[in-house]
Amino acid sequence: MGATRARIAIDAMGGDHAPDEIVAGALRAQAELDADVLLVGDPDRLEASIKNHSDSVPVEIIPSEGLIEMNEEPISALRRKRKASINVAMDLVKKKKADAVVSAGHSGAAMAAALLRLGRIPGIDRPAIGGVFPTIIAGKPVLVLDVGANVDCRPAFLDQFATMGTIYSEYVLGTEAPKVGLLNIGEESCKGNEVSVQTYQLLEQNPHVDFIGNAEGRDVLSGQFDVIVCDGFTGNILLKFAEAVGEVALQILREELPRGIHGKVGTGILKPNLRRIKQRMDHAEHGGGLLLGVAGVCIISHGSSQAPSIFNAIRLAKEAADNQVSQRIQSCYQQTVTAASNGE
């Protein structure tokens, strides 16, 4: 798009805390980021929510009717509710009226809407959701994909995830020459099930990635890898377990540090450090996962997202749009197809 400011469509009706927390995060993004937000949803509810938070931040409202409930089957609901907020938001990207979509609603519906309206990038068999995890090295996150889009995966899918993850890591996370690993139960190339063994062989031959071998569970947060690929079943469990561990660790710190006189004094002194610890461990700091492999930018946020997480999701969407992640993936696979047709 020709505009200098990214335009981000927000599914304002999706999520456990919609629309109030969605609106609060969007208004903050409108004020602090070089981006325009388009709030998609019920105009009356959105206007009331905007008044609760700000009278000075101008924001555009795009009317929609209804939303996809969490208990609904995505495909049938999307076809039945054509004016639902996620459908309308996705259409804005399809029609080039927005550069990206952010949704904290039904993740299956968001993925299905992206596939139905935006389509897959040619050469990509399955899209994948990329989740960003902290590591023991400050400022060095690791991207894990897939974290929920594909329960079962073929080796070719995982090979494609590695390529897409490398592009994401390099251009959005700012990683130079990202190192890729395959999540497995051992370091040796012969370890794992048949899919793992075949995937290892494909990754070794993939010219677009710097594959350095298998990553065991203890390696995920070590900082040794920049991108780790796995099927969506394993990745989703890993994501939710990591979030739970982070919440437990933060809760233990809150409970134990203030104990006793020395603890009360020390906690006051350590408040800035504790805030930094929370920022490194809190999943809300990452905003959500980028759906890679579709012809557009789509951020799928947690259903429990509140304003800070929505703000960060919009920031992530803007970075992905500004750095043309989808276009770079498409260009990469066009080159691959061309080389194959030329017999290279």
Side-chain angles (χ1 to χ4, degrees), residues 126-150 153 155-193 195-246 249 279-283 285-293 316 319-320 323 325 328-329 332:
R126 297 284 179 86
I129 302 173
V132 179
F133 292 64
T135 71
I136 60 173
I137 301 175
K140 191 179 190 300
V142 59
L143 175 70
V144 178
L145 68 167
D146 181 24
V147 294
N150 306 277
C153 285
F157 300 169
L158 295 167
D159 186 49
Q160 292 168 10
F161 297 170
T163 299
M164 294 191 293
T166 294
I167 292 171
Y168 178 111
S169 181
E170 181 176 356
Y171 291 100
V172 176
L173 301 180
T175 307
E176 185 176 352
K179 292 178 171 53
V180 176
L182 171 65
L183 190 60
N184 208 333
I185 59 172
E187 295 181 358
E188 298 84 359
S189 60
C190 60
K191 285 292 182 71
N193 56 21
V195 170
S196 298
V197 173
Q198 292 180 12
T199 302
Y200 192 105
Q201 295 170 354
L202 288 177
L203 290 173
E204 280 190 311
Q205 300 167 13
N206 188 331
H208 304 293
V209 306
D210 183 9
F211 178 59
I212 62 171
N214 286 331
E216 296 184 75
R218 62 171 174 260
D219 301 321
V220 174
L221 307 182
S222 69
Q224 178 183 355
F225 297 89
D226 301 300
V227 178
I228 293 177
V229 296
C230 60
D231 62 76
F233 182 88
T234 304
N236 192 263
I237 292 173
L238 181 65
L239 173 68
K240 291 174 180 175
F241 180 77
E243 290 172 357
V245 169
Q279 288 175 345
R280 287 182 62 179
M281 297 178 67
D282 192 352
H283 64 79
E285 294 296 324
H286 301 295
L290 177 59
L291 182 62
L292 295 160
L316 175 60
E319 290 172 353
N323 288 286
V325 170
R328 291 182 188 279
I329 293 172
C332 176

Least distance between heavy atoms, F133 atom then V147 atom: CE1-CG1, 4.4 Å

Any donor-acceptor pair under 3.5 Å from N236 side chain to G232 backbone: no

K191 bridged to E188 by N-O distance under 4.0 Å: yes

Side chain N150, main chain C153, donor-acceptor under 3.5 Å: no

Minimum heavy-atom distance I167-V325, with the two atoms named: CG2-O, 4.3 Å

Full working for side-chain contact (heavy atoms from CB on, under 4.5 Å) between V180 and D210: CA-CA 6 Å; V180 176; D210 183 9; 5.6 Å; no

Student check: side-chain heavy atoms of L203 and D159 closer than 4.5 Å: yes

Short side-chain to backbone donor-acceptor contact, D219 and S222, under 3.5 Å: no

V197 versus S189, closest heavy-atom pair with distance: CG2-O, 4.1 Å

Atom pair OG (S196) and CD1 (I185), whose distance is rounded to the nearest 0.5 Å: 7.5 Å

R328 side-chain N/O to Y168 backbone N/O, donor-acceptor pair under 3.5 Å: no

Worked check of side-chain contact (heavy atoms from CB on, under 4.5 Å) between Q224 and K179: CA-CA 8 Å; Q224 178 183 355; K179 292 178 171 53; over 6 Å; no

Side-chain donor/acceptor of S169 to backbone N/O of G165, under 3.5 Å: no

Side-chain heavy atoms of N206 within contact of T163, under 4.5 Å: yes

Minimum side-chain heavy-atom gap E170-E176 below 4.5 Å: no

Nearest heavy-atom neighbours spanning L145 and A128: CD1-CB, 4.2 Å

Check: K140 side chain, G223 main-chain N or O, donor-acceptor pair, under 3.5 Å: yes

Distance in Å, L238 CG paired with L183 CG, rounded so as to fall on 0.5 Å steps: 6.5 Å

Close side-chain approach of L158 to P155, heavy-atom, < 4.5 Å: no

Distance-minimising heavy-atom pair for E319 and V172: OE1-CG1, 3.8 Å

A162 backbone acceptor or donor facing T166 side chain under 3.5 Å: yes

Side-chain ion pair, R126 and D146, N-O less than 4.0 Å: no

Short side-chain to backbone donor-acceptor contact, N184 and N214, under 3.5 Å: no

Closest heavy-atom pair and its distance - I228, A215: CD1-CB, 4.0 Å

Worked check of side-chain contact (heavy atoms from CB on, under 4.5 Å) between E243 and L239: CA-CA 6 Å; E243 290 172 357; L239 173 68; 3.6 Å; yes

Sub-4.5 Å side-chain heavy-atom contact between V142 and V132: no

